[in-house]
Amino acid sequence: MTDAAALPGQPRGGVISGPATARARCVLAPNPSPMTLDGTNTWIIAEPDSDLAVVIDPGPLDEAHLQAVIDTAAQAGKRIGLTLLTHHHADHAEGAGRFAELTRTAVRALDPALSLGGEGLAAGDVITTGGLELRVVPTPGHTADSLCFHLPADGAVLTGDTILGRGTTVVAHPDGRLGDYLDSLRRLRSLTVDDGVSTVLPGHGPVLNDAQGAVEFYLAHRAHRLAQVETAVESGHRTPAEVVANVYAEVDRSLWPAAEMSVRAQLEYLGEHGLI
Ligand SMILES: [Zn+2]
């Protein structure tokens with residue numbers, strides 16, 4: 001789910017051709033909207049010499065899309081060995097049950113209730129399917145159950161909705177909390193600074209090849225919005241809806257309901273820190 005503000009990267013549509021990195025391929029789900037950009041990116045991750053792949057976010061319950069994911073893997077000589085979810089939102093997870101049936105694989109997510117035939121994921125878990133090394137990085141904030149997956153061999157991180165290829169994400173209050181989100185962005189920044197991550201493979205929008213720049217942009221954008229919200233409150237805008245109309249005036253109104261969730265998260269954060 002997106003907020004507004006431009007980040008480099010062009011819109012794109014249709015099927016993604018060729019691998020994004022040595023180990024990652026993308027199949028774009030046919031669910032474009034103001035909230036999902038071009039649609040959901042379903043990622044197929046595999047070691048080049050392995051016949052087993054991991055799928056991250058099967059996407060919406062769309063039979064043709066789920067089959068396209070299986071076919072794309074098969075064309076690369078892979079079959080699906082495991083399915084992972086970055087978080088519970090329907091545009092990422094709704095198709096997981098059907099995908100698990102089609103591929104006879106387990107589904108794993110942070111929330112055990114979303115996991116099918118497998119355990120829930122936790123900080124420090126490492127997925128080793130088909131010789132991969134995919135490290136589980138909890139990144140709450142967009143939602144409480146948001147995860148990123150670090151793919152060290154490609155210097156890449158799969159970010160779900162925590163960082164998008166274009167625009168910025170929503171802190172989906174009350175499930176998502178701003179303090180958690182800022183901590184998660186700092187965690188991702190340390191992956192870029194200390195662990196050599198340079199590529200963002202996002203849940204929506206194009207691949208980003210300056211991961212640190214993207215994280216810094218998100219942190220700066222959040223600080224800027226927070227200052228705007230604080231100013232709006234100080235100048236008498238009291239309700240979340242009033243703050244949205246003031247701070248997000250330049251943003252398309254179709255995004256205002258999402259902006260209101262982010263504003264509620266920001267008001268909560270400012271209140272907790274004694275700033276309003
Ligand atoms: Zn989401």
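Order of listing sets the numbers, starting from 1, for every ligand and every atom in it.
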Practice problem: Please work out which of the three classes, parallel, tilted or perpendicular, describes the rings of His89 and His87, given edges at 30° and 60°. | Solution: perpendicular

Quiz prompt | the Zn ion (ligand 1) to Asp161: nearest N/O/S atom name | solution = OD2

Quiz item: Once rounded to 10 degrees, what value does the angle at the Zn ion (ligand 1) take between NE2 (His87) and NE2 (His142)?
Solution: 100°

Quiz item: Listed by chain and number, what are the side-chain contact (heavy atoms from CB on, under 4.5 Å) partners of Arg135, not counting sequence neighbours?
Solution: Val126, Glu133, His150, Pro152

Self-check item: Aromatic contact, His92 with His204 (centres under 6.0 Å)
Solution: yes

Quiz item: Does His89 bring an N, O or S atom to within less than 2.8 Å of the Zn ion (ligand 1)?
Solution: yes

Self-check item: Nearest atoms (heavy-atom pairs only) where Arg189 meets Leu219
Solution: NH1-CD1, 3.5 Å

